[in-house]
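Take a look at the structure set out below.
Just so you know, these numbers come straight off a predicted model, no measurement behind them.
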Amino acid sequence: MTGASINSHLDWLESEAIYILREVAAECERPVLLFSGGKDSCVLLRLAEKAFRPGRFPFPLMHIDTGHNFDEVIAFRDRRAGELGERLIVRSVEDSIKRGTVVLRRETDSRNAAQAVTLLESIEEFGFDACIGGARRDEEKARAKERIFSFRDEFGQWDPKAQRPELWNLYNTRVHPGENMRVFPISNWTELDVWQYIARESIDLPEIYYAHQREVVRRNGLLVPVTPLTRPGEGDQVETLSVRFRTVGDISCTCPVASEAADVTAIIAETAVTDITERGATRMDDQTSEASMERRKKEGYF
C-alpha cells in the first residue's frame, strides 16, 4: 500500500470504530471500556478520545487484574488512566480466589481463564450492560465468530449460534436485566492495522512491546520468559535474547518472540511478513486445543 492508501484504509477503520463507540454510548445505559494497558486497548482509548473529547468519556475504564501481570504494563495502565483523567476500576482475580469463586490447583497456574469469573462478578456489581473490548477477529478462530455487538445471556455466557444479525451496520443492543453485550469496535482490524494506527497516531505503549533483552527458555516452540512464576524446568537452558511481546497478558501464559524491532517502523515491517497470529506465537494456554478459546468464551471470557 502507498502512504495515501494506508491512511485511507485507517480512516475507514477509525470511522467505523468511532461510530460503534458512539452507538454504545447512545444505546446502552451502563457501558464500560476494558483497559488492560495492552496495545489494542490503547488504540481503543485513542478512538474514545476522538469520539468524545473534549468531554469526559461516557463510561469508566475497567481492568480485570490477574495479579500475575507484567509490572511494566500495570504501571503504564495506571499512568495512562491518570493522564486521561478518567475513572479506572480495578477488580482482581485474587479477590475472587479469596471469596472461593475461583479455585486453582496451584498458585502458579494461569489465571487467564479465571478472569471470566471476576469479570462476571464485576458486571453484576456495577450493573454494566455493555463491556467494550479490544478483541479482533484475526486473533483466533473463536474470535472470528464474534459479532461486533456480541450478546451474552443472564449467565454471562456466549452462544455463537444465538447471535444477532448485523446487516448494514445496524446493531441490536436490546438486553433484559442480567444480560449484557460485549462490544468490539476494532473487530475488523488486523494486527498490522493496529501497528500502522499506533504509528500514525503516535500512541504510547508499555516498553515491553519493543525489543529488549530478556532471559527465556525454549519450550514447545515458544520462548518462555524466566520469572518467579515461570521458572526453568529440569533440563531447560536459560538464554538471554533480544525479544518483544506481540500481546501481553498473564505472565504464566504469555511469551515474547525473538525480535530486534525496537521501534514502530521495524515492528510494522516484521508484522507485514509474519504468517503466525500473535496468539498462536505467544500464548501457552492456546496451544492445548483449538477449541480452548471458544470454550472459555462460552464460560464468560472476554
Side-chain angles (χ1 to χ4, degrees), residues 13-14 16-21 23-24 28 31-48 59 61-66 69 73 77 110 112-120 122-123 128-152 156-160 163-164 166 169 171 173 180-195 197-198 203 205 209 245-250 253-254 271 276-283 285-286 290-302:
L13 291 172
E14 178 188 78
E16 179 190 50
I18 289 172
Y19 169 74
I20 293 164
L21 287 169
E23 190 78 359
V24 174
C28 301
V32 64
L33 190 151
L34 303 176
F35 176 61
S36 64
K39 69 180 187 308
D40 297 314
S41 58
C42 288
V43 166
L44 279 183
L45 287 189
R46 175 55 51 85
L47 293 165
F59 37 67
L61 312 179
M62 182 168 72
H63 182 215
I64 304 302
D65 188 351
T66 66
N69 293 289
V73 180
R77 177 202 70 186
S110 173
N112 213 40
Q115 291 178 88
V117 174
T118 309
L119 175 62
L120 294 178
S122 302
I123 289 171
F128 294 132
D129 58 353
C131 296
I132 306 165
R136 308 186 321 270
R137 288 174 176 147
D138 77 322
E139 289 183 79
E140 200 271 343
K141 292 179 180 179
R143 291 205 189 278
K145 299 179 183 180
E146 285 277 18
R147 297 288 195 266
I148 290 175
F149 281 74
S150 180
F151 172 74
R152 305 299 172 104
Q157 296 182 328
W158 174 69
D159 181 356
Q163 297 302 305
R164 300 163 178 180
E166 294 181 341
N169 289 337
Y171 304 115
T173 62
N180 66 88
M181 308 293 293
R182 307 288 171 83
V183 185
F184 304 110
I186 62 172
S187 285
N188 293 326
W189 298 45
T190 65
E191 184 184 9
L192 182 60
D193 294 329
V194 167
W195 279 108
Y197 193 74
I198 288 167
I203 296 174
L205 296 178
Y209 276 108
F245 286 84
R246 289 174 65 185
T247 180
V248 295
D250 191 280
C253 64
T254 306
T271 304
I276 304 176
T277 66
E278 59 206 273
R279 294 192 70 91
T282 66
R283 291 296 182 99
D285 57 342
D286 285 347
E290 288 187 3
S292 62
M293 173 63 81
E294 182 159 337
R295 184 184 67 251
R296 280 181 280 159
K297 288 173 65 61
K298 288 179 178 178
E299 294 170 351
Y301 192 67
F302 299 138

Go through it in stages, so that I can follow the logic: the residues are M62 and F128, the test is side-chain contact (heavy atoms from CB on, under 4.5 Å), and I'd like the CA-CA distance, side-chain angles, deciding distance and then a yes or no. CA-CA 11 Å; M62 182 168 72; F128 294 132; 3.9 Å; yes
When you measure from the side chain of T190 to the backbone N and O of D193, does any donor-acceptor pair fall under 3.5 Å?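 At least one qualifying donor-acceptor pair exists.
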Tell me, with the steps shown, if R246 and E191 meet salt bridge (charged side-chain N to carboxylate O under 4.0 Å, His left out). CA-CA 9 Å; R246 289 174 65 185; E191 184 184 9; 2.7 Å; yes
Does the side chain of [X] reach to within under 4.5 Å of the side chain of [Y], using non-hydrogen atoms?
X    : Y    : result
L13  : Y197 : no
V73  : S36  : no
I148 : R137 : yes

Provide the closest heavy-atom pair for [X] versus [Y] in the form atom of the first, atom of the second, distance.
X    : Y    : value
A48  : L21  : N-CD1, 3.8 Å
W189 : D138 : O-OD1, 3.6 Å
V183 : I20  : CG1-CG2, 3.6 Å
I203 : C42  : CG2-CB, 4.0 Å
F35  : R77  : CE2-O, 3.6 Å
G134 : D40  : O-CB, 3.5 Å

Quick one: list whatever passes side-chain hydrogen bond (donor to acceptor under 3.5 Å, both in side chains) with S187, sequence neighbours left out.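 Partners of S187 by the side-chain hydrogen bond (donor to acceptor under 3.5 Å, both in side chains) criterion come out as none, since no residue qualifies.
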How would you list, by chain and number, every residue that makes a side-chain hydrogen bond (donor to acceptor under 3.5 Å, both in side chains) with D129, sequence neighbours excluded?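 D129: no side-chain hydrogen bond (donor to acceptor under 3.5 Å, both in side chains) contacts found.
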Report the distance from atom NZ of K39 to atom OH of Y209, rounding to the nearest 0.5 Å.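 So the NZ of K39 and the OH of Y209 are separated by 5.0 Å.
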Between T66 and D250, is there a side-chain donor-acceptor contact under 3.5 Å, judged purely by atom types and distance?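 There is such a pair (donor and acceptor under 3.5 Å, judged by atom type) between the side chains of D250 and T66.
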